[in-house]
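Order of the sequence lines sets the chain letters (A, B, ...), proteins ahead of strands, with each chain counted from 1. Fair warning: this is a prediction, and the values are worked out from it, not measured in the lab. Just so you know, these numbers use all the heavy atoms, side chains as well, and skip hydrogens, waters and symmetry mates.
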2 protein chains.
Amino acid sequence: MASIAAPLKLGSFPDDHHDHKKCVTQALRQADGICTTRGVRLTDMRRQVFALVWQSHNPVGAYEVLEGLRAGAKKVQPPTVYRALEFLLAQGLIHRIESLNAYIGCTVPGDAHAGQFLICRDCGQAAELIDQRIDAAIDQGAKSAGFYVEHPTVELEGLCAHCRSTSEANSHYE
Amino acid sequence: MASIAAPLKLGSFPDDHHDHKKCVTQALRQADGICTTRGVRLTDMRRQVFALVWQSHNPVGAYEVLEGLRAGAKKVQPPTVYRALEFLLAQGLIHRIESLNAYIGCTVPGDAHAGQFLICRDCGQAAELIDQRIDAAIDQGAKSAGFYVEHPTVELEGLCAHCRSTSEANSHYE
DNA sequence: TTTGAAATGTTACAATATAACATTCAAGCT
DNA sequence: AGCTTGAATGTTATATTGTAACATTTCAAA
């Protein structure tokens, strides 16, 4: 049988065939590998936070993560969550969505890259994109202003293909 | 005499010749004109908030604006500031910098456009950019994912030309 | 097995933002 | 001028997001 692609392709939103359990499992495995290789510790707490961020393809707030941890019969405080998030960000295992004050799992960990995101205002899901042309255009635009970009933030809010075609979110003419 | 360009060019940071007073005056005049044309009211409060956002070319936080207002012997509360900011945003007279939770005057008001920003991590100033190639690349990238972009956020943190060439911020090899 | 650095726990608080309801203001009408 | 009405602002209270500072625990290297 043709295997179901558990890891989402770049720039795509999960569809009906998406096996999220598998998706998370794979992300965890990758994270483990990366941390081992780098000699950094993916502790139990960090792993839990990572799993909670990966609970869906929607960006997740820090306090949502906190609640998730607390549901597990622990009494965790905000700093614990923020420290774990900070670690995961530093390792490139998750990204922060600035426009939402929220976090989302990286679909291409291990690769140094600036995340670009498509964020659907209807279903709330976000898809990561790595578009060379966008990067190139940004570099060029900045360069001609004599500006040296270190940390680009590209977050594109709108409607995903699915939400465009279905539903009442579509009350606009085009 | 050759007039000093008070309004900053797109993508440029103020230099030694920048006459900020003139810059603000011009912004206020433009804002007045736009609001008049549209039949919306640039009240005194909104004007003050606008001026405070324009006090520099650094993005300004809502609570900084609040302090600015309070310095003027008023006892203003947060909602007042946020409402004024909301109005100015709706009219496209200012932009919000998501990655800083801060606001900055729009250098091209009246024009419907998605702001793109160069944000210097050293001097803290931000310059607006309207780069067609970036827009085009974004549209294309989104389109090939079947995504319809309504509200793009492009915020490029790094070093401006001036801070790159001068100073200790330059403790990296390139 | 010590021991020192890293990780987490804990307390308290800072910074950013909004809900809900009251009051004031300003423009059009009579 | 005096009404009327919707917009704007005032006011109180609280929600949400994030961090500083110090205590304790854990884990791996010596």
Give the rounded distance in Å between these two atoms: CG of L85(B) and P of dT16(C). 12 Å
To the nearest 0.5 Å, what is the distance between OG (S99(A)) and NE2 (H151(B))? 7.0 Å
Using the 3.5 Å cut-off, write out each protein N or O paired with an N or O of nucleotides 19-30 of chain D and the distance between them.
none

Taking OP1 and OP2 of dT8(C), is either one under 4.0 Å from a side-chain nitrogen or oxygen of T43(A)? yes
In whole angstrom, give the distance that lies between atom CD of E86(A) and atom P of dT8(C). 12 Å
Expressed as a whole number of angstroms, how long is the span from L42(A):CG to dA6(C):P? 18 Å
Separation of E64(A) atom CD from dA15(D) atom C1', in whole Å? 15 Å
Rounded to whole Å, CG of D44(A) lies from P of dT8(C) at a distance of 9 Å
In whole Å, what is the span from the CG atom of L100(B) to the C1' atom of dA15(C)? 14 Å
Would you give the length of the straight line joining atom OG1 of T43(B) to atom CZ of F87(B), rounded to the nearest 0.5 angstrom? 7.0 Å
Nearest-Å distance, CD (Q91(B)) to P (dA8(D))? 10 Å
So which heavy atom on P109(B) is nearest to which on T107(B), and how close? CD-C, 3.4 Å
Quick one: does any side-chain atom of E157(A) pair with a main-chain N or O of I119(A) as donor and acceptor, under 3.5 Å? no
Hydrophobic clustering (ILVMFWY, side-chain heavy atoms < 4.5 Å, transitive) - are M45(B) and F50(B) grouped together? yes
For dA7(C), take OP1 and OP2 only and decide whether either is under 4.0 Å from a side-chain N or O of R47(A). no
Name the stems with DNA chain D in them: runs of three or more consecutive Watson-Crick or G-U pairs, distances under 3.5 Å? C:1-30 with D:1-30
Which value, rounded to the nearest 0.5 Å, describes the distance between R47(A) atom CZ and L42(A) atom CG? 6.0 Å
Going by atom types only, do N101(A) and E98(B) share a side-chain donor-acceptor pair under 3.5 Å? no
Here's a test of your reading of the structure: between A84(A) and Q77(A), which maps to the more 5' nucleotide of DNA chain C? A84(A)
When rounded to whole Å, the CD to C1' distance for the pair E98(A) and dA17(C) reads 17 Å
CZ on R133(A) to CG on D139(B), rounded to 0.5 Å: 12.0 Å
Testing the basics here: between R38(B) and G110(B), what is the closest heavy-atom pair and its distance to 0.1 Å? NH2-CA, 3.7 Å
Does M45(B) or N101(B) map to a spot on DNA chain D nearer the 5' end, using the closest nucleotide for each? M45(B)
Strictly below 4.0 Å: does T80(B) bring a side-chain N or O up to OP1 or OP2 of dT11(D)? no
Heavy atoms from C-beta onward define the side chain here; which of dT11(D), dG9(C), dA17(C) lies closest to that of R96(B)? dA17(C)
